[in-house]
K.L.:
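Next up is a structure, given as structure tokens.
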Amino acid sequence: MAETVPLVSSQMPKKKKKQHEFIITAKKLLKNKLAVIGLIIIIIQIGMALFAPMITVHDPVKQNLASSELPVLSEGHWLGTDNYGRDVWSRIVHGSRISLIVGIVAVSLGLIGGVTLGLLGGYYKKLDGIIMRIVDLLFSFPGILLAMLIIAVLGTSLINVAIAISIWSIPSCARIVRGSVLSIKEKEYIMAMKSLGASDFRIMVKHILPNCFAPIIVFATMRMATAILSTASLSYLGLGAQPPTPEWGAMISQGQAFMWSSPHLTIIPGIAIMLTVFAFNVVGDGLRDAIDPNMDI
Amino acid sequence: MAAALTSKKINQGKILLELNGIKKYYPIRGGVLQRVQGNVKAVENVSLQLYEGESLGVVGESGCGKSTLGKAILGLEELTDGKITFKDTEIQSLKRREKLKFVKEMQMIFQDPFASLNPRQRIGHALEEVFTMHTNMSSSEKKKAVIDLLEEVGLKEEHFERYPHEFSGGQRQRIGIARAIALNPSFIICDEAVSALDVSVQAQVLKLLKTIQEKYQLSYLFISHDLGVVRYFCDRVLVMYLGHTVELGSVEDLFNQPLHPYTQALLSAIPRPTVQKNRKRIRLQGDLPNPADPPSGCPFHTRCPIAQDICKQDKPAWKEHESNHFAACHFAGQSII
């Protein structure tokens, strides 16, 4: 009886090692054709943003009035030029940098705020009421109006656009995280950590947070689409990127005046916005289906 | 080994843990203002002593408060009333800081081995975390301690980097045991620790629990609904009904001469391989009463086959009927078959 009880063979793990969750999710995602198209678009966009100076010849902000309003497929400017003679391809490529950076910054800030509020609200019953009422309050503003209000206070710039969009992302993120926390904190492994004397902070950060990553990732992907669209909308309204910054929304706004003579000035940035938003949305949908089709987002 | 497993003498050694009038009520809130409208009385006035090195079984049907009792002892549920004395210190009102000292001494093994481990944490890291929280070991010391622990419970070093989903139920329960004994406790609550396992695996895990009990001089509070397991594993048995303690005695006394009619009914429900045709079974009528609105008098009178008028009016006292054999019944000892 002194020695420990040996394991019998039936208890040994099955020979076929179970695959890591990440690989399983990735495989499921790659079976979804729409999501694969979305992924390709996103990868292309990231490539464009990373290698912008290498794949463009012209400076996106340099004016050249001698060759203004060239149509699509002109020599040297395959997407034409705008009314100041700036190369549209250059501006689209550099614009993808702005869209992605603003989107990532806005979503990250929104996640930091939303996850913190959601964790606290879900974990501490006493804070829950207060936090959720603040969230309800933020929800009651229409998104773009809230963003415009924040920009009106902070002033027009791309950083402020990112902040405005992030504040507007906080409430929905907080709700999603809170929902997951509420269900996870009742799990036995949380009880086990409490019985081992773990602090609330340790339980929240090391044990609850990693287990609500799935909905957070899906939310973040879908939010990227909304954030990029909102950046374009706000820039279109003149509240975001200021000329001559090559931003897609601002490009549409400037091209509007030449809608009849040079329609490509509005159509091309419009297509760029549409494809990006579409890509992030389908990837988000695909991720949700791959991780958990019953997820509540 | 056989002797070790069958010795069920009551070890009247030093008292390790003493419960005094433990109560746990869950308030029912309702109405517009969320006022307390009543209480679910999960644990009602439980008092008992646990000796060093003994295994005390707690049995009863689901909802009788046995798990709540275990969680209340560990401080996972706040007590409504009562005193818990552990190693001569009252622990129910200690602050978190002061309590950490006792956390090392009291541990819990959970029911569901598939739910009691964080699915996103490698086993080795989960066990290391226990040392991180309570000791100042360096990371190499921690790793060594964890590997020793794994070997102690019959696992191997190669399991260190694995995730919980790569283990079988029995192995996971071993990990749960490793986690519970990591800090060298003197008291472990096993909350239905083997009921989620196959019978063959149950036996192995029970043997492991016995082995570490002897090695570390552990006391167990063994919560279970499986009377067979309790009879095999425990020294004494406490029977609970609707949050009340109903009977407490050594395994021999309680299984051979049950005093309380509820215990008799429970024992008659144990399936036995027998050819005897007219084996009498006691079938209790009705359901467990609502713990928010418990019956007057004896909580069991609504289902008791020998209930009299007195049972409806007076709550029977918790009395020692034979030496070390307690029961709460006006007609203790009367057979109901």
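All values below come from the heavy atoms of this structure, side chains included, with hydrogens, waters and symmetry mates left out. Every chain is numbered from 1 and lettered A, B, ... according to where its sequence line falls, protein lines coming before strand lines.
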K.L.:
Once you round to the nearest 0.5 Å, how far does CZ of B:R179 lie from CG of A:L196?
P.N.:
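Between atom CZ of B:R179 and atom CG of A:L196 there are 6.0 Å.
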
K.L.:
Assess whether atom CZ of A:F141 is packed by more than 12 heavy atoms of other residues, nucleotides or ligands within 6.0 Å.
P.N.:
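12 or below, so no.
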
K.L.:
May I ask you to check whether over 12 heavy atoms, not counting those of B:E157, lie within 6.0 Å of atom CD?
P.N.:
no

K.L.:
Could you tell me the separation between the CG atom of B:N118 and the NZ atom of A:K206, rounded to the nearest 0.5 Å?
P.N.:
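If we round to the nearest 0.5 Å, B:N118:CG and A:K206:NZ are 9.0 Å apart.
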
K.L.:
Under 3.5 Å, sequence neighbours excluded: what are the donor-acceptor pairs made by side chains of residues 25-36 of chain B?
P.N.:
residue: B:Y25; atom: OH; partner: B:E44; partner atom: OE1; Å: 2.6
residue: B:Y25; atom: OH; partner: B:E44; partner atom: OE2; Å: 3.4
residue: B:Y26; atom: OH; partner: B:E77; partner atom: OE1; Å: 3.3
residue: B:Y26; atom: OH; partner: B:E77; partner atom: OE2; Å: 3.2
residue: B:R29; atom: NH1; partner: B:Q34; partner atom: O; Å: 3.4
residue: B:Q34; atom: NE2; partner: B:G31; partner atom: O; Å: 3.4

K.L.:
Give me the atom names and distance for the closest heavy-atom approach of A:A192 to B:S116.
P.N.:
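So the minimum-distance heavy-atom pair works out to CB-O, 4.1 Å.
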
K.L.:
In residues 42-50 of chain A, which residues are in contact with chain B at a heavy-atom separation under 4.5 Å?
P.N.:
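Answer by number: none.
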
K.L.:
Could you tell me if the side chain of A:E188 sits less than 4.5 Å from the side chain of B:M108, heavy atoms only?
P.N.:
no

K.L.:
Where on B:K104 is there a heavy atom nearer than 4.5 Å to chain A: the side chain, the backbone, both, or neither?
P.N.:
neither

K.L.:
Pull out the residues in residues 184-199 of chain B that come under 4.5 Å of chain A, heavy atom to heavy atom, sorted by number.
P.N.:
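If one takes a 4.5 Å heavy-atom cut-off, no residue of residues 184-199 of chain B lies near chain A.
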
K.L.:
Quick check on the interface: out of B:T132, B:I109, B:L117, who has the most heavy-atom pairs with chain A under 4.5 Å?
P.N.:
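Among the listed options, the one with the most contacts to chain A is B:L117.
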
K.L.:
Determine whether B:F110 and A:S195 make a side-chain contact, defined as any pair of heavy atoms from C-beta on separated by less than 4.5 Å.
P.N.:
yes

K.L.:
Counting heavy-atom pairs under 4.5 Å to chain A, which of B:G75, B:P164, B:P119, B:G176 comes out on top?
P.N.:
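Heavy-atom pairs under 4.5 Å are most numerous for B:P119.
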
K.L.:
Is chain A contacted by the side chain of B:F102, its backbone, both, or neither, given a heavy-atom distance below 4.5 Å?
P.N.:
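Neither part, no heavy atoms under 4.5 Å.
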
K.L.:
Can you pull out every ring-ring contact (aromatic ring centres under 6.0 Å, His included) where at least one residue sits in residues 198-217 of chain A? Sequence neighbours excluded, please.
P.N.:
none

K.L.:
Which value, rounded to the nearest 0.5 Å, describes the distance between A:M193 atom CE and B:E129 atom CD?
P.N.:
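It comes to 4.0 Å.
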
